Protein chains: 2
Amino acid sequence: MVTDTDPIAEPRVPLSKERVLRAAITVADKGGIESLTMRKVAEELGVEAMSLYYHVANKDVMLDGVVEAIVAEIEEAVGGFGVPSKVVDWKAEVRNRILTARVVMLRHPWAPGVFETRTMMGPSIVMYFEGLLGLMREGGFSYDLAHHGMHALGSMSLGFSQELFKPDSEEAGEEAEEMFEHMMEHLPYMAGMMMEITHDDPDSTLGWCDDQTEFEFSLDLILEGLERLRANS
Amino acid sequence: MVTDTDPIAEPRVPLSKERVLRAAITVADKGGIESLTMRKVAEELGVEAMSLYYHVANKDVMLDGVVEAIVAEIEEAVGGFGVPSKVVDWKAEVRNRILTARVVMLRHPWAPGVFETRTMMGPSIVMYFEGLLGLMREGGFSYDLAHHGMHALGSMSLGFSQELFKPDSEEAGEEAEEMFEHMMEHLPYMAGMMMEITHDDPDSTLGWCDDQTEFEFSLDLILEGLERLRANS
DNA sequence: ACCTGAACACCGTTCAAGT
DNA sequence: ACCTGAACACCGTTCAAGT
């Protein structure tokens with residue numbers, strides 16, 4: 001049996017805000033966002049739910065902390081949010097930073113949903129945007145255009161696009177045959193697109209959308225649009 | 001007092017899926033998304049919560065229905081999702097359709113959050129995208145480019161941009177003075193942007209971001225990028 | 001200083017029962 | 001066919017109490 005002095009016993013490391021946030025991320029990584037409850041986080045830590053409230057005021061500030069922790073992961077992945085004094089290729093640097101952020105976000109597929117419910121941005125995210133803004137500024141942008149540009153990038157600046165209606169099942173009920181009949185009749189353009197695109201692609205009809213490909217297409221469309229505006233200003 | 005035969009009594013119109021969905025939208029319009037509970041919807045209808053389950057299987061399918069109802073509002077606002085056989089200016093038509101959708105979404109500020117939690121798309125949304133796709137196709141797009149384009153538009157195609165961290169309070173706690181000191185020291189680019197942009201603008205520092213202006217800037221950036229790709233293909 | 005037990009208000013949902 | 005009462009499992013959170 002385990003006592004206080006048992007050398008085999010786990011060290012019984014005390015709780016802390018950091019441990020709570022890490023546990024929250026672990027829980028969400030394992031079970032998705034709907035599993036992220038105070039009680040589950042406590043369980044992950046081997047503690048009662050009420051103990052968490054000593055370290056985080058409530059669930060909302062816990063989620064703020066989780067967002068900050070994810071941004072810290074991004075900071076580590078990109079090697080700091082600093083801005084070199086001379087930026088020769090702003091587009092390449094911004095693109096690289098965003099695609100690196102995306103790698104982190106893909107490790108936490110539930111995170112975009114949490115980011116979007118946050119209303120205030122903590123210091124880490126501010127620093128992230130400060131870095132992006134700095135890259136654009138040193139890359140030759142006016143503040144005004146850079147500001148528009150950050151808005152245009154939107155959630156992409158943090159590496160996610162929040163796809164509307166991920167087509168994992170799409171009309172999953174119907175027979176494929178019947179569904180195709182229906183499409184030919186009522187959705188001529190969708191049907192045409194499906195036929196043309198699946199033509200080149202041996203994957204199933206649902207495999208059209210390579211998220212990474214679409215993300216990079218959209219990102220480059222915006223970055224190139226901004227570069228054009230910058231060059232003509 | 002009111003009895004069954006009292007002619008003054010309200011007609012006691014029976015429940016229906018449509019009435020439930022309309023009530024749900026009313027509740028969310030009044031109190032925001034967190035007030036949209038089964039019990040509140042029932043209360044809005046003067047009925048017990050459990051009665052709803054006779055008309056909608058559960059809350060999730062109720063939300064699916066709510067999304068469909070909102071898209072129906074969009075359909076009415078744009079005058080149908082049809083595609084003219086000759087499209088002379090795809091950009092203007094797509095732009096107009098999207099900005100009209102935006103007007104509807106602005107009436108329901110809670111709706112974007114609901115849209116983004118939906119996983120399957122119902123028939124109305126499919127028809128909406130069919131219409132957009134048709135406009136692009138008849139406007140001279142290959143299916144492949146149109147497909148990329150729809151992904152690039154993302155949630156903007158339905159009229160919302162889901163701003164990250166709406167800066168309603170942003171560091172609301174600190175004194176303005178102290179905050180400015182802090183910014184000058186640690187956030188040189190943010191501070192510079194703030195100074196340059198607020199310079200032209202008599203509004204408060206937090207009034208930079210006109211959502212409509214930013215939305216249209218982003219939308220036009222993407223539409224013009226797509227037009228360029230279309231013209232060069 | 002740090003953690004817990006009991007309790008409260010509020011969810012979504014089931015099910016047997018009413019009309 | 002349509003609606004309801006009572007009940008259950010599960011939330012976030014408070015508060016007085018333990019160590």
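The model shown is predicted, which means the values in this text are computed figures rather than measured ones. By convention in this document, chain letters (A, B, ...) are assigned in the order of the sequence lines, proteins followed by strands, and residues within each chain are numbered from 1.
The interatomic distance linking L52(B) (CG) with dT14(C) (C1') rounds to 15 Å, in whole Å. In this structure, M62(B) atom CE and dG12(C) atom P are separated by 8 Å, rounded to whole Å. The CD-P distance, from E48(A) to dG5(C), rounds to 5 Å in whole Å. Between the P atom of dC11(D) and the NZ atom of K59(A) lies a distance of 9 Å, rounded to the nearest Å. A straight line from CD of E34(B) to P of dG12(D) spans 16 Å, rounded to a whole angstrom. Regarding K40(B), its NZ atom lies at a distance of 14 Å from the C1' atom of dG12(C), rounded to whole Å. As rounded to whole Å, 15 Å separates atom C1' of dC11(D) from atom CD of E43(A). Atom CZ in R39(B) sits roughly 13 Å away from atom C1' in dT4(D) (whole-Å rounding).
At distances below 3.5 Å, not a single donor-acceptor pair connects side-chain atoms of T100(A) with backbone N or O atoms of A77(A). Within the 3.5 Å criterion, the main-chain N or O of V67(A) finds no donor-acceptor partner in the side chain of D64(A). With hydrogens and angles disregarded, no donor-acceptor distance shorter than 3.5 Å links the side chain of Y189(A) to the backbone of L132(B).
Taking every heavy atom of both residues into account, P188(B) and Y143(A) meet most closely at O-OH, 4.1 Å.
With the 3.5 Å cutoff on both pairing distances, Watson-Crick and G-U pairs in DNA chain D assemble into runs of at least 3 at C:4-8 with D:12-16, C:12-16 with D:4-8.
Of all nucleotides listed (dG12(D), dT13(C), dC3(D)), dG12(D) comes nearest to the side chain of M38(A). The side chain of H55(A) approaches dC3(C) more closely than any other nucleotide in the set dT13(D), dC3(C), dC11(C).
Applying the 4.0 Å criterion to OP1 and OP2 of dC3(C), one finds that Y54(A) has every side-chain N and O outside that range.
Within 4.0 Å of S51(A), counting heavy atoms only, lies at least one base atom of the nucleic acid. Among the heavy atoms of the strands lying under 4.0 Å from M50(B) is at least one base atom, whether or not backbone atoms are also near.
Rounding to the nearest 0.5 Å gives a distance of 9.0 Å between CG of D29(B) and CZ of R107(B).
Relative ring orientation between Y128(A) and F81(A) is described as perpendicular, the plane-to-plane angle rising above 60° on a 0-90° scale split at 30° and 60°.
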Audit row: E68(B), S124(B), side-chain hydrogen bond (donor to acceptor under 3.5 Å, both in side chains) steps and yes/no
CA-CA 6 Å; E68(B) 285 286 290; S124(B) 301; 2.8 Å; yes
